[in-house]
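Just so you know, these numbers use all the heavy atoms, side chains as well, and skip hydrogens, waters and symmetry mates.
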2 protein chains.
Amino acid sequence: MATKSKPFNVERFFQALGDNTRLRLLNLMGEQEICVCYFVEILDQAQPKISRHLAYLRRAGIVAARREGKWMYYRIVMPPNLGASQVLQQTLAWLKEERTMQADRSRLTKACCTPAKFTALQGAPLPVSLPNEAR
Amino acid sequence: MATKSKPFNVERFFQALGDNTRLRLLNLMGEQEICVCYFVEILDQAQPKISRHLAYLRRAGIVAARREGKWMYYRIVMPPNLGASQVLQQTLAWLKEERTMQADRSRLTKACCTPAKFTALQGAPLPVSLPNEAR
DNA sequence: CGTACACATTCGTCAATGCGTATATACTGA
DNA sequence: TCAGTATATACGCATTGACGAATGTGTACG
């Protein structure tokens with residue numbers, strides 16, 4: 001049986017982008033895979049809240065998750081639909097220009113360089129850049 | 001007093017795109033100004049429903065309205081935010097590639113050429129292409 | 001004026017969404 | 001096997017959004 005790919009849901013795609021927390025998550029992922037604990041730390045939001053928004057993005061087909069031991073890594077996956085992937089790329093580029101998004105990214109960089117300073121991140125796995133073929 | 005432009009609401013922008021009826025409306029507007037009665041005819045939806053979705057797009061800063069006699073014309077306005085306007089352009093280009101959107105456009109063209117055949121459109125004003133400076 | 005037309009808004013209802021809190025699940029290590 | 005950590009899901013509640021039906025508003029015209 002051929003892989004049944006249901007037609008891309010455009011509504012769901014844009015609805016997924018219509019929430020600031022989710023935009024911040026996407027912005028943090030950018031081109032790297034990130035562990036949930038970093039999202040919680042950087043956005044300073046309750047863990048179930050982060051988890052629910054990540055699940056929403058997953059259902060919309062915008063991110064994918066990978067488990068590694070206790071940790072879950074999330075990454076952006078480009079939608080199979082060409083138009084959608086172009087809009088998503090453009091959106092990510094746009095977010096990079098926004099002040100608040102830049103601030104998030106900068107906090108992430110800081111946390112990754114000195115995770116020991118964030119009590120919640122002791123021993124947490126560092127983000128891993130994705131190989132080119134995965135983008 | 002300087003014109004107080006409140007910071008562009010990104011959430012609202014994407015939420016406005018997260019509904020198929022609104023996407024169809026935007027696709028029909030494309031680069032021309034269109035009278036509400038055409039939306040009602042082409043989408044074959046209740047007039048209050050069309051009107052509410054147009055109001056939603058207006059609140060999101062994506063379309064603008066102009067009255068001319070009994071008729072209201074709606075047109076797309078590019079958001080002041082650069083990133084938003086780029087994403088919107090890209091989205092409109094994407095919609096043009098979708099089957100159902102093409103079908104809507106084709107019905108619009110047909111209705112404009114022979115409005116007399118659509119009993120609901122007798123005497124309705126034809127769409128007007130926007131001058132370049134307005135895009 | 002008063003009617004007719006084009007369009008907007010309101011109201012009641014129902015589904016979807018967001019959030020905090022509590023709890024469940026998956027994995028690790030002793 | 002049990003405790004601890006990381007993450008996900010369930011529950012209850014408040015808000016928002018979509019829709020049909022009814023009603024309101026602005027304009028042309030007799």
Side-chain angles (χ1 to χ4, degrees), chain A residues 9 11-25 29 33-60 63-75 111 115 118-127, chain B residues 9 11-25 29 33-60 63-75 111 115 118-127:
Chain A
N9 189 334
E11 284 190 288
R12 195 174 253 323
F13 172 75
F14 281 117
Q15 283 166 1
L17 300 180
D19 178 279
N20 200 251
T21 300
R22 290 195 288 269
L23 289 174
R24 292 177 75 188
L25 291 172
M29 283 180 258
E33 215 177 25
I34 297 194
C35 177
V36 173
C37 58
Y38 278 95
F39 293 131
V40 174
E41 177 67 24
I42 303 298
L43 299 196
D44 192 28
Q45 307 271 323
Q47 173 267 324
K49 174 172 168 177
I50 298 291
S51 197
R52 272 184 310 236
H53 281 296
L54 287 170
Y56 195 117
L57 288 171
R58 201 164 1 100
R59 284 193 299 271
V63 308
R66 178 177 67 87
R67 175 177 286 279
E68 191 169 314
K70 298 190 289 186
W71 295 288
M72 289 290 288
Y73 291 86
Y74 280 82
R75 64 184 182 279
F118 296 77
T119 51
L121 293 179
Q122 308 250 353
L126 292 172
Chain B
N9 189 332
E11 284 189 289
R12 194 173 258 314
F13 171 75
F14 280 116
Q15 283 166 1
L17 299 180
D19 179 279
N20 199 250
T21 300
R22 290 195 287 268
L23 289 174
R24 292 177 75 188
L25 292 171
M29 283 180 258
E33 217 179 22
I34 297 195
C35 177
V36 172
C37 58
Y38 278 95
F39 293 130
V40 174
E41 178 67 24
I42 304 297
L43 298 196
D44 191 27
Q45 307 271 324
Q47 173 267 321
K49 174 172 168 176
I50 298 291
S51 198
R52 269 179 312 216
H53 282 297
L54 287 170
Y56 196 117
L57 288 171
R58 200 162 5 97
R59 283 193 299 270
V63 307
R66 179 176 66 89
R67 175 177 286 278
E68 190 168 314
K70 297 190 292 186
W71 295 289
M72 289 290 288
Y73 290 87
Y74 279 82
R75 65 183 180 281
F118 296 77
T119 51
L121 292 179
Q122 309 249 353
L126 293 172

* **Minimum heavy-atom distance B:E11-A:D19, with the two atoms named** => OE2-CA, 3.3 Å
* Asked: Does the A:E33 side chain pair with the main chain of A:Y73, one donor and one acceptor, at a distance under 3.5 Å?
  -> no
* Among D:dT7, D:dT27, C:dT17, the one nearest A:Q15 by side-chain distance -> C:dT17
* **For atom CZ of A:R22 and atom C1' of C:dA16, their distance in whole Å** => 11 Å
* Take atom CG of A:D44 and atom P of C:dC19, then tell me their distance rounded to the nearest Å. => 14 Å
* What's the NZ-C1' distance between B:K49 and C:dC7, to the nearest Å? -> 17 Å
* Asked: Does B:R22 make a cation-pi contact with B:Y56, if we ask for NZ or CZ under 6.0 Å from the ring centre and within 45° of the axis?
  -> yes
* Asked: Between B:R67 and B:G69, is there a donor-acceptor pair closer than 3.5 Å when you use the side chain of the first and the backbone of the second?
  -> yes
* Asked: B:W71 has an atom CH2; how far is it from atom P of D:dT27, in whole Å?
  -> 13 Å
* To do: Between B:Q45 and B:P48, just flag the one whose closest nucleotide in DNA chain D comes earlier from the 5' side.
  => B:Q45
* To do: Remember a base hit wins even if backbone is also touched, and classify A:F39 as base, sugar-phosphate or nothing at under 4.0 Å, heavy atoms.
  => nothing
* Asked: Between D:dT5, C:dG20, C:dA8, which one does the side chain of A:K70 approach most closely?
  -> D:dT5
* To the nearest Å, how far apart are B:L25 CG and D:dA18 P? -> 12 Å
* To do: Considering just the side-chain nitrogens and oxygens of B:Y74, establish if one lies under 4.0 Å of OP1 or OP2 belonging to C:dA6.
  => no
* Could you check A:R67 against B:A55 and say which one's nearest nucleotide on DNA chain C is further toward the 5' end? => B:A55
* Atom CD of A:E68 and atom P of C:dC27: how far apart are they, to the nearest Å? -> 12 Å
* **D:dA6 phosphate, OP1 or OP2, under 4.0 Å from A:Y38 side-chain N/O** => no
* Can you find a pair of side-chain heavy atoms, one from A:I50 and one from A:F39, that are under 4.5 Å apart? -> yes
* To do: With heavy atoms under 4.0 Å as the rule, sort A:R52 into base, sugar-phosphate or nothing.
  => base
* **Rounded distance (Å) that lies between atom P of D:dT23 and atom CD of B:Q47** => 15 Å
* **Nearest-Å distance for atom pair OH/C1', residues B:Y56 and D:dA18** => 10 Å
* To do: Ignoring backbone atoms, establish whether A:H53 has a side-chain N or O less than 4.0 Å from OP1 or OP2 of C:dC19.
  => yes
